[in-house]
Amino acid sequence: ADITVAYDSDPVTLDPHEQLSGGVLQMSHMLFDPLVRFTKEFDFEPRLAEKWERIDDNTFQFTLRQGVKFHSGNTMTADDVIWTFNRLKTSPDFKNVFSPYEKLVKVDDYTVQLISYEPYPLVLQTATYLFPMDSKFYSGEVDGADKSVIIKHGNSFASTHVSGTGPFTIESREQGVKVVFDRFDDYWDKKSPGNVDKLTLVPIKENATRVAALLSGDVDLIHPVAPNDQKRVSDTKNIELTTVAGTRIITMQMNQNSNEALKDVRVRQAIVYAINNDAIVKKIMKGFATTAGQQGPEGYAGYDANLVPRYDLEKAKQLMKEAGYEDGLKLTMMAPNNRYVNDAQIAQATASMLSKIGITVDLKTLPKAQYWPEFDKCSADMMMIGWHSDTEDSANFSEFLTMTRDAETGRGAYNCGYYSNAKVDELVNAANAETDLTKRAAMLQEVEQILYNDAAFVPLHWQNLAWGAKSSLNVSPIVNALNFPYFGDLVVK
Amino acid sequence: MFTFLVQRLFQALIVMFVISLVAFSIQDNLGDPLREMVGQSVSDAERQVLRDELGLNDPYITKYTRFISNAVQGDLGDSYFFKRPAVDVILEKLEATIELVFGASIIIILISIPLGVFSAIHPKSIWTKAIMAFSSIGISIPVFLTAIILMYVFAIELQWLPSYGRGETLNVLGWETGYLTKDGLLHLVLPCISLASIMLPLFIRLVRSEMLEALSSEYVKFATAKGLVMKKVYYQHALKNTMLPVLTVGGVQIGTMIAYTILTETVFQWPGTGFLFLEAINRVDTPLITAYVIFVGLIFVVTNTVVDLLYGVINPTVKITGKGA
Amino acid sequence: MSLLQVKNLRIEYPSRFGVHAAVKSLSFSINRGEIVGVVGESGAGKSTVGNAIIDLLSPPGVIAGGEVFLDDQKISGLSLEEMRKVRGNKIGFIFQDPMTSLNPLFTVEQQLLETIHANLNVTHQEALKRAIQLMDQVGIPEPEVRIKQYPHQFSGGMRQRVVIAIALSGEPDLIIADEPTTALDVSIQDQILTLIRNLCIEKNVGCMLVTHDMGVVSNVTDKVAVMYRGDLVEFGETSKVLSTPDHEYTRSLISAVPRSDRKLARFPLVNYIEEAQEHQALDLKNHWLGQSEEQRSYKGPLLNVENVSLRFVTKDSFFESKREYVQANKSVSFSIKEGETFGLVGESGSGKSTIARVITGLYPPNEGKITFEGIDLTAIKSERERRPFRRQMQMVFQNPYTSMNPRMKIYDIIAEPIRFHKLAASESEIQQIVFDLLDHVGLGRMAGVKYPHEFSGGQRQRISIARALATRPRLLICDEPTSALDVSVQAQILNLLKDLQDELNLTMLFISHDLPVIRQVCDRIGVMQKGQLLEVNESEELFTHPRHEYSKHLISLMPEFKGLRNDI
Amino acid sequence: MNSLTQEIKAPSRWQRFKNSDFIYHFKRDKVAMFSFAVFLAFFTAALFAPLISPTNPYDLTSIDLMDSELPPSWLSGGEERFLLGTDDQGRDILSTILYGSRLSLTIGFLAVAVQLLLGIVIGLSAGYFGGRIDSLLMRFADIQLSFSTMMVAIIITAIFKASFGAEFFSQYAVVMLIVIIGVAEWPQYARTIRASVLAEKKKEYVEAAQVMGFRSMRIMFRHILPNCLSPILVISTVQVANAIMSEAALSFLGLGLPVDQPSLGALISIGFKYIFSGAWWITIFPGIVLISLVLVINLLGDWLRDVFNPKIYKG
Ligand SMILES: Nc1ncnc2c1ncn2[C@@H]1O[C@H](COP(=O)(O)OP(=O)(O)OP(=O)(O)O)[C@@H](O)[C@H]1O
Ligand SMILES: Nc1ncnc2c1ncn2[C@@H]1O[C@H](COP(=O)(O)OP(=O)(O)OP(=O)(O)O)[C@@H](O)[C@H]1O
Ligand SMILES: [Mg+2]
Ligand SMILES: [Mg+2]
């Protein structure tokens with residue numbers, strides 16, 4: 001079957017290692033295959049790695065699938081995987097994910113061992129980022145330039161040429177207009193029920209247009225679907241809405257550096273108590289989000305079901321009084337207005353909720369291009385940030401958002417709250433070296449508990465993901481919370 | 001005439017130079033291009049390396065001289081996103097925009113002139129009132145809404161017309177045109193109407209009001225006395241005299257349309273320069289933004305030169321000379 | 001059966017200050033082959049009648065009563081399309097204001113051809129031939145070249161002739177000509193009147209000829225209608241009306257005709273004034289106009305024009321050799337003494353208006369210089385230095401209508417220079433002066449609240465004169481200042497100018513085609529042809545013993561008024 | 001409308017004004033009077049918004065998210081408190097329209113005034129003086145045109161932030177918006193006026209004025225300008241609507257008014273997203289206000305144009 005899919009943007013490159021972004025990963029899952037991939041339930045599903053086992057604390061062994069062909073016709077072997085791993089280590093975007101590993105060693109043609117410096121628990125998570133590339137195809141030179149080089153801001157061989165193992169090959173690509181994918185005839189996964197022969201991906205930026213394109217039948221599948229349009233999409237005959245609880249947390253950080261009052265835990269708590277997550281989710285997100293009381297969503301290691309949102313206006317007022325801010329205080333707040341779903345509205349609603357406990361908010365919303373420089377400077381007392389864990393793991397949130405800022409290690413790089421708690425730092429670091437997953441989960445849960453008590457930040461919600469598609473498309477089996485639909489497996493009736 | 005053109009060419013260069021200077025000085029206020037290039041977990045040190053590679057950390061003067069010395073060779077830098085020379089990217093997207101603007105202009109001309117003339121000739125007619133009321137409403141409905149409403153009616157409810165994109169195009173002498181295929185034409189309808197709807201009210205009003213002035217003139221009276229068919233009196237004698245301001249506004253608007261078809265192109269996902277510009281702004285693709293603004297400056301100089309030349313053609317008392325005094 | 005019949009026509013111009021009945025109850029008729037002259041006071045409603053006949057009254061004018069018949073068919077109240085068929089084809093119309101009648105954006109050729117095509121069924125070639133022939137008939141030199149040009153490249157008289165050519169091009173049965181020859185020199189005027197005359201005889205065409213020139217009336221018309229304040233006071237055979245007028249107004253009108261045979265000290269004033277507008281002779285010593293500011297120590301000629309040449313580019317080109325020019329002035333030199341009136345006569349298109357514009361600094365000359373009181377004006381660069389001379393030097397434009405800002409009221413038009421040059425102490429004084437000036441040119445104060453387009457041709461001309469006088473100039477350049485005035489008003493105005501001259505030593509450059517007027521007014525006269533000044537002579541000398549061939553030719557053609565002259 | 005003070009100071013002037021053609025024609029034109037009345041009604045309603053509006057939508061404590069997207073009171077689900085319903089944040093639409101009009105009208109009119117001022121001065125000078133001045137000014141206009149309102153906003157904000165600090169900007173947001181929108185769009189006027197001037201200055205009345213010795217300024221403003229008025233009026237009426245919507249677009253860029261104080265334009269833009277998801281009232285009611293406002297402004301503009309053209313007879 002031939003289908004047309006409309007996204008809000010198209011992949012910036014064909015090189016899977018150039019940029020760690022949703023778009024590139026979505027593309028990677030179509031043109032390449034990872035060693036393992038997540039299932040809907042966050043379990044791991046073997047792909048190019050048939051089997052895996054932990055050899056010791058620092059060593060993890062993968063057995064590769066045999067008879068897998070690249071688009072070029074070459075056969076995939078351990079050499080390709082090692083080549084890919086080495087390339088990843090040089091990629092500015094991915095090297096961070098693979099920094100715990102020392103090397104990938106070849107045992108035989110179809111067996112490799114991943115050696116980490118320290119005991120590392122998240123090997124399988126990182127293995128989802130390892131999409132073996134065709135080392136022969138990508139080696140050598142064209143026009144005097146190395147084919148394998150990764151260039152972010154200029155042309156490279158890899159950014160325009162592809163040879164992967166994925167279910168699709170590129171037929172044509174017109175950047176910003178469309179990408180046409182063709183089914184790869186020699187695709188290894190013969191068991192896959194997928195029957196899409198040709199998939200055209202078009203970027204449609206405007207929410208309303210994307211929905212219109214679906215409703216008018218010009219495209220078969222769209223993503224994302226804005227909360228406002230979801231009802232309309234699900235109400236339309238022959239069109240179905242598929243939603244998945246998402247993993248991107250939306251938070252507000254409270255800058256202790258810029259505002260004296262926010263150093264006081266009671267003020268922070270008051271703010272958290274004053275904010276009605278339910279109302280935001282219900283009214284602004286139209287129910288297409290999950291209210292959050294912590295960083296990681298359900299299914300993540302650190303998730304603690306007891307840490308629920310705590311909206312209590314009286315309590316909030318009480319806390320303000322205790323902290324000596326009975327007469328209220330002034331805060332500045334900044335939020336992007338085109339980054340997250342309904343970001344500006346959420347910020348506005350938050351501001352208005354805070355006004356109920358006497359906090360006057362000077363709110364400013366900006367387009368993301370202007371917002372990020374402000375965020376880098378932590379310009380306001382409260383700043384909105386959403387975070388999606390690249391490793392689908394609780395620790396990642398803390399590493400970037402709530403650990404003490406440390407320029408050297410890069411910890412707390414996005415911690416505009418300047419929240420700092422030695423215990424949290426210690427627990428997260430320990431968890432990252434703990435291979436016993438139960439123990440590790442306990443540690444991460446403790447972290448969440450501390451953050452909860454300290455009101456380190458204001459958790460708002462996890463954004464849901466939504467796809468709208470013609471009923472003939474069997475979408476729900478292939479979509480997941482990670483937002484990498486496995487189009488290779490898509491069944492069209 | 002010749003001197004005039006040479007002078008204009010020279011002026012165009014100055015204009016482009018000044019624009020580049022201004023565009024360059026505001027670059028830092030547009031946002032951080034790095035953000036759009038790297039993932040969230042990339043460390044600060046890595047970013048600095050990239051910045052150095054891109055020359056973003058150089059002092060302003062260095063950056064600007066580098067830019068200018070490349071620019072004289074026709075190289076305005078590579079787009080970060082497209083990874084190709086910005087000029088090429090713009091030229092490539094220009095086709096789509098020109099086709100869109102062309103279609104919209106045709107609609108505007110075909111509608112605004114007859115309606116404007118009609119409402120000037122029959123100021124008391126009920127139709128005139130309807131036209132004027134419609135145009136007032138038209139002025140206040142933002143193009144975004146017009147576009148969406150059109151899309152909902154014609155694409156979703158009636159399913160007569162496609163909702164987005166350019167459709168099938170035909171390559172004629174290196175120009176991808178949508179005017180020669182049925183699919184391409186269908187795709188043109190809604191965007192062109194939306195784009196036209198922004199300017200239509202203005203032009204109807206402008207034609208009408210200038211026409212009213214012209215109709216009260218003696219030469220129109222004399223032309224009537226000569227026994228000419230009234231159509232000729234209105235559409236030749238009076239209309240030509242109304243053309244100067246209409247042409248001027250037209251010139252500016254055509255320039256503006258080519259330049260900022262942003263909204264229409266965004267709504268209809270039209271792969272043209274307006275959309276390109278908006279995306280460039282969102283992605284902080286500074287080389288592309290700079291190249292684009294310079295390019296727009298050129299468009300304005302060119303359209304205004306053409307308009308100035310046309311003044312001379314339309315109104316022989318307006319002299320076009322290259323003399324500087 | 002008469003060609004045109006007008007019955008009880010009444011035309012009104014309503015305004016916020018009441019309804020003005022421009023024509024009260026008018027009836028007359030024109031037969032085929034007949035020329036009916038319409039004369040009368042300026043503002044009497046002559047043009048209004050003409051416009052009403054072809055249903056082109058300028059708003060807010062309305063036909064309040066009466067009917068018009070053409071060939072016994074009622075043409076008043078026809079539908080737009082039916083009326084269109086009458087216009088151009090049945091009735092050829094020449095508007096009073098030739099300057100504004102032509103569309104500035106079309107060439108003369110386009111405007112002529114479209115008329116021919118609209119009314120006659122001919123091929124393009126034939127039409128073009130006819131157009132060129134017509135241009136030639138109305139006396140435009142080099143018609144093949146000139147036809148390609150735009151109206152602004154024509155002189156006043158030439159434009160008037162183009163308008164005539166257009167009106168005649170549709171072979172109409174009836175020609176309504178509203179002062180068609182005001183801007184034409186006598187020889188061309190003669191040519192055109194002969195043309196019309198011949199049309200009437202050969203093609204049996206009727207003609208309504210509005211004119212102020214009593215000479216023309218007596219020479220070419222068969223019948224004459226005399227209008228006074230919206231009424232037809234007399235209508236009959238020309239010879240009868242002129243020799244034995246019934247109405248008092250006709251009589252006084254005739255008496256005011258300037259004499260062409262000898263010079264008088266003052267113009268005879270019309271003594272028929274219905275509402276006795278008591279006009280005391282101007283007591284200039286106590287009048288604002290008499291309070292001059294200048295110290296006059298300079299002794300030489302006030303104005304000196306030396307070797308002035310000016311050419312217009314008619315076809316521009318990058319290459320010098322390919323450019324085409326019209327030489328409008330060729331080495332013109334003359335000088336005017338203080339208190340003198342210098343007349344300029346000559347062929348239409350000979351460069352008279354151009355030299356006037358050169359003197360006022362509107363056109364910088366290509367060669368030569370202009371000195372005013374010994375100061376070289378062409379050397380002055382800045383507008384600021386020039387300003388004092390501007391005030392001392394005023395001009396009445398050949399076309400009063402276009403020279404007035406259409407969006408300003410008459411009061412402001414006249415008051416503005418006084419205000420600007422601070423010639424009056426207070427606003428009330430300004431008001432006094434403006435009203436005074438309006439009175440002196442015979443318009444009355446109520447004229448102040450109106451806009452230029454609400455006036456008749458002659459009235460506009462008077463406004464223009466009033467404006468020029470408002471700065472109390474020392475040199476007044478008059479380009480055809482009285483062409484649209486009936487003889488009675490003309491006499492009044494010219495007397496006013498004469499008074500000013502006597503009292504204040506006002507210097508004048510007087511451009512006119514009306515030779516009798518020139519003879520009455522000027523001290524010395526220059527004769528121009530094709531951009532050159534052919535001869536400069538004392539006024540009486542020129543009329544009695546012209547030196548140049550062309551001067552002789554001109555004077556011989558001066559239309560003679562053969563009316564009663566029993567009052568002198 | 002400061003007539004009251006003038007009456008006391010100079011009764012004669014007031015008298016003259018009362019007798020002027022302007023007032024005369026105004027009194028006789030029902031459409032003009034009606035339009036003016038409507039305009040005045042909007043104007044006063046906006047001016048006295050704090051007194052007449054049911055709630056203060058700019059006071060965050062008074063709004064509740066739980067009240068959001070309520071339909072107008074006469075529809076099912078509507079509430080008595082909110083006559084025209086509420087927006088996405090729970091603001092009363094009626095009150096927001098009243099408060100928002102105040103901002104939008106101020107910005108719309110003053111920004112157009114700035115555009116007019118710049119456009120007229122520059123266009124007149126370019127057309128009248130011609131030559132080098134013309135080239136200079138018109139190329140300047142080309143440069144200006146190349147930078148969209150958005151870019152101009154970025155430039156001007158950057159300049160002001162650099163020289164006065166960020167605080168200043170938020171404090172004087174309205175002034176800044178007027179300057180930004182005013183500066184961004186003058187070339188349209190300048191070019192139109194220049195074109196008219198090019199045609200007008202060749203006319204004889206201008207020559208006559210020159211012969212009178214009038215200063216260039218006077219000739220430009222007093223003589224030529226009134227004759228170029230009709231396209232200016234047309235563009236102005238359109239520009240008011242444009243300015244109101246531009247302001248809304250700028251606030252999206254974070255360059256305009258604070259998001260929690262939506263202007264009329266902003267309210268309309270907010271509502272776009274909801275128009276097909278049910279809550280049409282967020283856009284429609286303010287939209288109707290804007291349309292009627294623009295309509296009466298246009299009617300007044302047309303009327304003014306006729307008054308200023310003495311040749312057009314006004315029954
Ligand atoms: N458009 C108008 N509005 C108001 N009054 C007008 C208008 N046109 C002419 N009038 C008035 O009507 C009267 C007659 O004007 P008309 O032009 O017919 O005079 P005329 O006899 O042709 O005079 P002249 O010989 O000076 O041309 C004048 O008093 C004039 O002021
Ligand atoms: N702007 C111009 N461009 C080109 N040629 C012009 C221009 N103005 C005048 N001319 C030409 O210059 C010549 C002299 O014109 P001018 O107006 O001085 O004549 P005139 O003596 O006043 O004639 P008339 O008595 O008919 O008014 C004419 O041949 C005319 O066509
Ligand atoms: Mg007349
Ligand atoms: Mg002349």
Side-chain angles (χ1 to χ4, degrees), chain B residues 7 11-12 14-15 18-19 22-23 25-26 28-30 132-133 135-137 139-142 144-145 148 152 201-202 205-206 208-210 212-213 216-217 244-249 251-253 255-256 259-260 262 277 281 293-294 296-297 299-301 304 307 311 315 317-318 323-325, chain D residues 130-132 135 138-143 145-148 150-151 154-155 157-158 161 187-188 191-192 194-196 198-199 202-203 228 230-231 233-235 237-238 241-242 244-245 248 265 268-269 272 275-276 283 287 290-291 293-299 301-302 305-306 309 311-313:
Chain B
Q7 269 188 7
Q11 289 171 4
I14 296 179
V15 165
V18 175
I19 289 178
V22 179
S25 2
I26 59 163
D28 293 343
N29 296 298
L30 295 175
M132 289 301 115
S135 73
S136 297
I137 295 172
I139 290 168
S140 20
I141 297 187
F144 188 85
L145 206 55
I148 295 214
Y152 267 79
L202 172 65
R205 292 190 156 264
L206 200 59
R208 169 181 133 97
S209 107
E210 289 300 301
L212 276 174
E213 304 265 314
S216 63
S217 66
L244 226 49
V246 175
L247 192 75
T248 311
V249 176
V252 175
Q253 298 292 10
T256 319
Y260 313 119
I262 295 181
F277 177 61
I281 289 271
V293 179
I294 290 175
V296 170
I299 290 183
F300 275 109
V301 177
N304 288 340
V307 166
Y311 285 169
N315 190 339
T317 61
V318 176
K323 286 172 213 101
Chain D
R132 291 238 163 77
S135 302
M138 285 304 108
R139 293 301 78 74
F140 187 47
D142 288 341
I143 294 174
L145 280 168
S146 319
F147 291 94
S148 59
M150 178 182 18
M151 299 280 266
I154 291 172
I155 297 170
T157 349
K161 271 194 185 145
Q188 179 133 333
R191 289 206 60 95
T192 316
R194 169 179 173 266
S196 304
L198 286 182
K202 293 286 147 107
K203 295 200 176 154
C228 309
S230 88
L233 277 170
V234 173
I235 298 178
T237 48
V238 175
N242 276 350
I244 289 176
M245 291 317 289
I268 295 173
S269 312
F272 285 171
I275 196 158
F276 290 106
T283 275
L290 182 63
I291 290 176
L293 200 62
V294 170
L295 188 67
V296 295
I297 293 174
N298 272 310
L299 288 171
D302 287 352
R305 184 201 53 220
D306 289 357
N309 184 350
K311 279 201 210 165
I312 292 175
Y313 178 62

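We name chains A, B, ... by the order of the sequence lines, and we start the count at 1 in each one. What you see is a predicted model, and the numbers here were worked out from it, not measured in a lab.
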inquiry  = Taking side chain as everything from C-beta outward and backbone as N, CA, C, O, which of these in D/Ser269 sits under 4.5 Å from a heavy atom of chain B? Side chain, backbone, both or neither.
reply    = neither
query = Which atoms of D/Leu293 come close to chain B, meaning under 4.5 Å heavy atom to heavy atom: side chain ones, backbone ones, both, or neither?
reply = neither
Which of the residues [options] is involved in the greatest number of heavy-atom pairs with chain B at under 4.5 angstrom?
options	value
D/Asp302, D/Ile235, D/Thr237	D/Asp302
D/Ala199, D/Ser196, D/Ala241, D/Ala141	D/Ala199
D/Ile291, D/Asn242, D/Thr283	D/Ile291

message = With rounding to the nearest 0.5 angstrom, report the OG to CG distance, B/Ser136 to D/Leu299.
response = 6.0 Å
Gap separating the CZ atom of D/Arg305 from the CZ atom of B/Arg205, nearest 0.5 angstrom = 8.0 Å
Residue pair D/Thr192 / B/Pro245: nearest heavy atoms and the distance that separates them = CG2-CB, 4.1 Å
task = Sort out for me which of B/Val22, B/Val307, B/Ile141 touches chain D most, counting heavy-atom pairs under 4.5 Å.
result = B/Val22
request  = Select, from B/Val301, B/Ile137, B/Ile281, the one with the greatest count of heavy-atom pairs under 4.5 Å involving chain D.
outcome  = B/Val301
message = Looking only at the side chains, is there a donor atom on one of B/Gln11 and D/Ser135 sitting less than 3.5 Å from an acceptor on the other?
response = yes
message = If you count every heavy atom of other residues, nucleotides or ligands that lies below 6.0 Å from D/Phe140 atom CZ, does the total exceed 12?
response = no
